[in-house]
Undergrad: 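Attaching a single structure in structure tokens format; questions to follow.
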2 protein chains.
Amino acid sequence: MSSLPVSDAELLRLDHQVCFSLHAASRAFGGVYREALKELGLTYPQYLVMLVLWEHGPEPVKRIGERLRLDSGTLSPLLKRLEAAGLVRRERSAEDERSVIIRLTGAGTELRERALPVPRRMLAATGLTVEELRTLRGLLGRVTGALDAT
Amino acid sequence: MSSLPVSDAELLRLDHQVCFSLHAASRAFGGVYREALKELGLTYPQYLVMLVLWEHGPEPVKRIGERLRLDSGTLSPLLKRLEAAGLVRRERSAEDERSVIIRLTGAGTELRERALPVPRRMLAATGLTVEELRTLRGLLGRVTGALDAT
DNA sequence: CAGGAATGAGTTGTGTGCAACTTGATTGCG
DNA sequence: CGCAATCAAGTTGCACACAACTCATTCCTG
């Protein structure tokens, strides 16, 4: 809560700056991740999908989409590329024929070892302290929640 | 700055959460902006370009790209769409024939009036206080600076 | 002053991201 | 039971975002 009055003009500038900062930060992260993931042959969204599978095991497309807030229009071609790369298999669910289960292959499981050093490099590259990272995560989470509720 | 020891595993999880939060927040903002800008016929990146032109007047493509951290591969088609929409003109610079100056048309200038209420709606939708917005802007700016320096 | 390096736009190709739609399977209500 | 509503994937179309490239112009150095 600010104890000082804030002019309308300043508010509008602040909004622009926050939105722009978010846009810029997201792309800056993307750039560094792109570099870090290049040797793994993964893009950042593909890496996010692999993280989900490494952590939770086989999951239907729908569930992955819920975790990452991505729809089938984004996930379907992405998963096809992961399948073409030999990292996952896509198999129709037996219980519900509408559903497709995504399962790691041997190569997909093994890739985890090579991916382990990535987050540490990213963490160092941000230049933030653990406290600041927690603050950032908290604020971003609240913003996302509020915006999604709109 | 943390006074408590932090395990490696927790650090890695924190990194994932921050990166994912950033990705998610950026897309959540995009979604709300998409809605707010729909009646103006602008996408969010197009809106960013218009903001630059409204604030700074005619500028070469290069300068706009520096302000928004976008390269010509992104800006060229985007500016062509703005030109097709009748909002800007593209004219070769007289001093430097390599350079293209982007200039608002009458319609582009007038659009500003209709765009004015947008940031206030966004500000309200975030649900954050002014203090929190400043903190968020500061952290994002530092992250982007650090990542760009890599 | 000449010619190669550097610069500013633009083009091409790949990969998201999302809206709108299609297809096939399941659910549930009358 | 039967059929409409719902649901999960996938497809299509459009708009970024970026790497790698081309082309024309300008700079700069020998």
Side-chain angles (χ1 to χ4, degrees), chain A residues 20 22-35 37-38 40-50 59-66 68-85 88 90-102 147-148, chain B residues 20 22-35 37-38 40-50 59-66 68-85 88 90-102 147-148:
Chain A
F20 173 72
L22 201 52
H23 202 63
S26 181
R27 281 183 294 125
F29 254 105
V32 179
Y33 259 116
R34 199 178 351 268
E35 197 57 37
L37 294 173
K38 192 190 296 180
L40 302 186
L42 293 176
T43 65
Y44 178 55
Q46 289 167 5
Y47 172 70
L48 289 180
V49 170
M50 295 301 285
E59 294 215 304
V61 174
K62 182 77 192 312
R63 191 89 187 80
I64 298 174
E66 286 168 359
L68 303 179
R69 295 167 188 274
L70 292 173
D71 69 0
S72 69
T74 300
L75 278 177
S76 284
L78 188 157
L79 291 169
K80 276 191 176 179
R81 282 187 283 271
L82 287 182
E83 186 180 42
V88 306
R90 299 185 306 146
E91 35 191 63
R92 221 88 215 176
S93 166
E95 305 96 57
D96 187 341
E97 293 271 336
R98 294 173 302 182
S99 191
V100 168
I101 310 296
I102 307 300
L147 292 176
D148 279 352
Chain B
F20 173 72
L22 202 51
H23 202 62
S26 181
R27 280 183 294 124
F29 255 105
V32 180
Y33 260 116
R34 201 179 348 272
E35 197 56 38
L37 294 173
K38 193 189 296 178
L40 302 186
L42 292 176
T43 64
Y44 178 56
Q46 289 168 6
Y47 171 70
L48 289 179
V49 170
M50 295 300 286
E59 293 215 306
V61 174
K62 183 76 192 312
R63 191 89 186 80
I64 298 174
E66 286 168 0
L68 303 179
R69 294 166 191 276
L70 292 173
D71 70 359
S72 69
T74 300
L75 278 178
S76 284
L78 187 156
L79 291 169
K80 276 190 176 180
R81 282 186 284 271
L82 286 182
E83 186 179 40
V88 306
R90 300 185 305 146
E91 35 191 62
R92 221 86 216 179
S93 165
E95 305 96 56
D96 188 339
E97 294 270 337
R98 292 171 303 183
S99 191
V100 168
I101 310 295
I102 307 299
L147 292 176
D148 280 351

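Per chain, numbering begins at 1; letters A, B, ... match sequence-line order.
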Undergrad: Taking CG from B:Leu75 and C1' from D:dA15, how many angstroms apart are they, rounded to a whole number?
TA: 13 Å
Undergrad: Quick one: which of C:dA19, C:dG8, D:dA19 gets closest to the side chain of A:Arg34?
TA: D:dA19
Undergrad: Can you name the nearest heavy-atom pair linking B:Leu78 to B:Pro45, along with the distance?
TA: CD1-CB, 3.8 Å
Undergrad: On the nucleotide C:dC18, are OP1 or OP2 found under 4.0 Å from the side-chain N or O atoms that B:Lys38 carries?
TA: no
Undergrad: Taking the side chain of B:Leu70 as its heavy atoms from C-beta onward, which of C:dA9, D:dC18, C:dG17 lies nearest to it?
TA: D:dC18
Undergrad: Looking at every non-hydrogen atom in both residues, tell me the closest pair between A:Leu75 and A:Val61 and how far apart they are.
TA: CD1-O, 3.8 Å
Undergrad: Could you tell me the separation between the CD1 atom of A:Ile64 and the C1' atom of C:dG17, rounded to a whole number of Å?
TA: 17 Å
Undergrad: Take the protein atom CD of B:Glu35 and the nucleotide atom P of C:dC18, then report the distance between them rounded to whole Å.
TA: 14 Å
Undergrad: Do B:Tyr44 and A:His23 make the cut of ring centroids closer than 6.0 angstrom?
TA: yes
Undergrad: Rounded to whole angstroms, how far apart are CZ on B:Phe29 and P on D:dC16?
TA: 19 Å
Undergrad: Name the nucleic acid region contacted by A:Pro77, choosing base, sugar-phosphate or nothing; use a 4.0 angstrom heavy-atom cut-off, strictly under.
TA: nothing
Undergrad: A:Leu79 has an atom CG; how far is it from atom P of D:dA9, in whole Å?
TA: 10 Å
Undergrad: Between A:Ala94 and A:Glu97, which heavy-atom pair has the shortest distance, and what is it?
TA: O-OE2, 4.2 Å
Undergrad: Would you mind telling me which residue lines up with the more 5' stretch of DNA chain C, B:Ser72 or A:Leu78, judged by nearest nucleotide?
TA: B:Ser72
Undergrad: Where along residues 92-101 of chain B does a heavy atom come under 4.0 Å from DNA chain D, residue by residue in number order?
TA: B:Glu95, B:Asp96, B:Glu97, B:Arg98
Undergrad: For a quick test of reading the model: is some side-chain N or O of A:Gln46 closer than 4.0 Å to OP1 or OP2 of C:dT16?
TA: yes
Undergrad: Which nucleotide, C:dT16, D:dA15, D:dA19, lies nearest any side-chain atom of B:Thr43?
TA: D:dA15
Undergrad: Give a yes/no on whether any side-chain N or O of B:Lys62 is located under 4.0 angstrom from OP1 or OP2 of D:dT25.
TA: no
Undergrad: Rounded to the nearest angstrom, tell me the gap between atom NZ in B:Lys80 and atom C1' in C:dT11.
TA: 9 Å
Undergrad: Let me know the distance between CG of B:Leu68 and C1' of D:dC16, rounded to the nearest Å.
TA: 13 Å
Undergrad: Mind calculating the distance between CG (A:Leu42) and P (C:dG15) to the nearest angstrom?
TA: 12 Å
Undergrad: Should the pair B:Tyr33 and B:Tyr47 be assigned to parallel (<30°), tilted (30 to 60°) or perpendicular (>60°) ring geometry?
TA: tilted
Undergrad: Is there a side-chain contact between B:Ile102 and B:Glu59, using heavy atoms and a 4.5 Å cut-off?
TA: no
Undergrad: Return yes if some donor-acceptor pair links the side-chain N/O of B:Arg27 with the main-chain N/O of A:Arg69 below 3.5 Å, else return no.
TA: yes
Undergrad: Among the nucleotides D:dA15, D:dC18, C:dT11, which one has an atom lying closest to any side-chain atom of B:Thr74?
TA: D:dC18
Undergrad: So which nucleotide from D:dG10, C:dA9, C:dC18 ends up closest to the side chain of B:Arg27?
TA: C:dC18
Undergrad: I'd like to know if the side chain of B:Arg92 and the backbone of B:Arg98 have a donor-acceptor N/O pair within less than 3.5 Å.
TA: yes
Undergrad: Would you tell me if any nitrogen or oxygen in the side chain of A:Arg81 comes within less than 4.0 Å of OP1 or OP2 on C:dT16?
TA: yes
Undergrad: NA contact type, B:Arg63, heavy-atom cut-off 4.0 Å: base, sugar-phosphate, or nothing?
TA: nothing
Undergrad: Within the structure, does a side-chain N or O atom of B:His23 lie under 4.0 Å from either OP1 or OP2 of C:dG17?
TA: yes
